[in-house]
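See structure below.
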Amino acid sequence: MDIKNISQAVIGRLPRYYRYLGELKDEGVERISSQELSKEMHVTASQIRQDFNHFGGFGQQGYGYNTEYLYNEIGKILGLDQKHNMILVGAGNLGSALVRYMNFRNRGFFFKAAFDINEALYGKQIAGITVYPLDSIADYIRENEIDIAVLTIPKAGAVKIAEVLSTCPIKAIWNFAHTDLELPERIQVENVHLSDSLMRLSYEIRRYEEESSVKTPKKPTHRK
Ligand code: NAI
């Protein structure tokens with residue numbers, strides 16, 4: 001299967017398919033048609049078929065899709081059939097919340113250690129992982145086969161950390177710091193901006209309010 005030329009739009013839909021199929025699998029649903037999948041997921045059946053055709057289809061005429069098979073295949077495409085070791089950089093509010101969120105483990109993502117510049121945190125535990133001094137990060141990565149560094153630090157420190165991480169054998173950075181990072185091609189980056197999601201939500205509120213005020217114009221007020 002050649003997954004190099006698949007559009008980002010298709011890749012962007014795969015986690016949602018994966019999550020939904022996982023729920024169906026857990027409920028004991030053995031097979032599902034593209035029409036049923038379409039109804040539940042609010043994506044057209046033809047979109048679903050087109051998406052899955054990129055990966056060889058997975059479906060059988062008259063049968064639909066085998067839920068567990070499809071779930072496992074999409075998982076493989078997303079690389080979720082492999083375990084990923086992660087470290088946290090910045091053991092503050094956001095970082096601690098991520099470490100405590102146990103569902104990442106169920107997807108194969110394991111936090112192994114945290115690093116910080118605040119001496120008061122050294123040796124402290126967050127959900128069973130230890131916080132270490134930042135200057136031990138490179139050695140730790142080399143000795144513990146870490147794949148992903150999760151950056152939950154202010155923008156100011158992120159560029160410097162990225163320089164250090166560039167010299168380490170990590171594969172990816174999950175970047176919550178509000179800045180773009182310069183990294184070698186071998187290191188993949190996913191930038192996360194929760195505030196962008198909130199701004200989109202704010203736009204949707206506004207759009208809905210404007211549309212509904214056009215549909216139901218306000219009654220004119222009559223002056224006495
Ligand atoms: P916080 O102040 O609770 O934690 C930050 C931690 O990072 C502290 O423990 C601090 O000692 C440590 N730190 C600072 N510079 C460091 C460095 N160079 N190396 C290692 N550790 C360092 O802050 P909080 O709320 O956890 O937020 C962390 C950052 O994440 C903030 O800068 C914020 O802008 C960003 N953020 C991003 C979001 C997003 O959606 N991308 C959402 C929320 C926060």
Side-chain angles (χ1 to χ4, degrees), residues 11-12 14-27 71-72 74-181 183 187-198 201:
I11 302 294
L14 291 186
R16 196 162 162 250
Y17 290 131
Y18 185 77
R19 262 189 291 118
Y20 185 67
L21 288 162
E23 285 169 22
L24 290 177
K25 186 175 74 71
D26 293 345
E27 287 163 17
Y71 173 80
N72 289 336
I74 293 180
K76 278 187 214 161
I77 293 160
L78 291 171
L80 300 175
D81 53 337
Q82 289 164 27
K83 193 178 141 205
H84 298 288
N85 287 334
M86 309 205 287
I87 51 161
L88 179 73
V89 187
N93 291 308
L94 177 62
S96 303
L98 292 176
V99 171
R100 289 196 181 98
Y101 181 58
M102 300 308 283
N103 207 27
F104 294 141
R105 282 174 168 267
N106 303 341
R107 299 267 188 255
F109 297 93
F110 295 88
F111 278 106
K112 293 291 178 181
F115 296 85
D116 206 288
I117 46 169
N118 180 355
E119 286 181 22
L121 297 176
Y122 300 166
K124 292 249 157 67
Q125 301 270 312
I126 312 163
I129 72 155
T130 307
V131 183
Y132 296 105
L134 185 65
D135 57 16
S136 60
I137 195 168
D139 288 342
Y140 187 94
I141 290 172
R142 286 194 189 97
E143 287 159 16
N144 293 280
E145 296 188 1
I146 300 301
D147 305 312
I148 303 174
V150 181
L151 296 196
T152 49
I153 52 174
K155 186 176 169 170
V159 171
K160 185 87 186 71
I161 299 292
E163 279 172 26
V164 175
L165 292 173
S166 298
T167 67
C168 298
I170 55 157
K171 296 176 182 166
I173 294 183
W174 199 23
N175 178 30
F176 287 80
H178 293 296
T179 188
D180 291 329
L181 304 173
L183 292 158
I187 301 181
Q188 314 308 312
V189 188
E190 174 74 14
N191 296 311
V192 184
H193 297 293
L194 297 178
S195 49
D196 289 7
S197 175
L198 260 186
L201 186 63

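Tested against D116 for a side-chain contact (heavy atoms from CB on, under 4.5 Å), the candidates L134, T152, V131 yield a single pass: V131. When the options Y18, Y20, Y17 are evaluated for a side-chain hydrogen bond (donor to acceptor under 3.5 Å, both in side chains) with Y71, the one that passes is Y18.
Taking both residues in full, the closest heavy atoms of A162 and L181 are given as CB-CD2, 4.0 Å, listed atom of the first, atom of the second, then distance. What you find for D81 and K76 is that their closest heavy atoms are OD2-CG, 3.5 Å. Residues A149 and I170 share a closest heavy-atom pair of CB-CD1, 4.2 Å. Closest approach of Y140 and I146 over heavy atoms only: CE2-CD1, 3.8 Å. For the residue pair I126 and A91, the shortest heavy atom distance occurs at CD1-CB, 3.8 Å. Taking each heavy atom of F111 and L88 in turn, the nearest pair found is CE2-CB, 4.0 Å.
Between F176 and L98, some side-chain heavy-atom pair lies under the 4.5 Å cut-off. The side-chain heavy atoms of V99 and Q125, taken from C-beta on, include no pair separated by under 4.5 Å. A heavy-atom distance below 4.5 Å is found between the side chains of H84 and I148.
The local environment of CD in E119 is sparse, with at most 12 non-hydrogen atoms from other residues, nucleotides or ligands closer than 6.0 Å.
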### Task
Take I161 and F115 through the test side-chain contact (heavy atoms from CB on, under 4.5 Å) and record every step on the way to the result.
CA-CA 11 Å; I161 299 292; F115 296 85; over 6 Å; no

### Verdict with reasoning, L165 to L151, per side-chain contact (heavy atoms from CB on, under 4.5 Å)
CA-CA 11 Å; L165 292 173; L151 296 196; 4.0 Å; yes

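Interatomic distance, I173 CD1 to Q188 CD, rounded to the nearest 0.5 Å: 10.5 Å. Atom CG in N175 sits 8.5 Å away from atom CG in L183 (nearest 0.5 Å). The CG atom of N191 sits 5.5 Å away from atom CG of D180, with the distance rounded to the nearest 0.5 Å.
At least one donor-acceptor pair closer than 3.5 Å links the side chain of N118 to the backbone N or O of A120.
Looking at N85 and D147, their side chains never bring a donor and an acceptor atom within 3.5 Å of each other.
When ring centroids are compared, W174 and F109 stay outside the 6.0 Å threshold.
Within the structure, the side chain to side chain donor-acceptor pair (under 3.5 Å) test picks out the following pairs touching residues 92-105 (sequence neighbours left out): Y101-N103, N103-N106.
Ring geometry for H178 versus H193: interplanar angle under 30°, hence parallel rather than tilted (30 to 60°).
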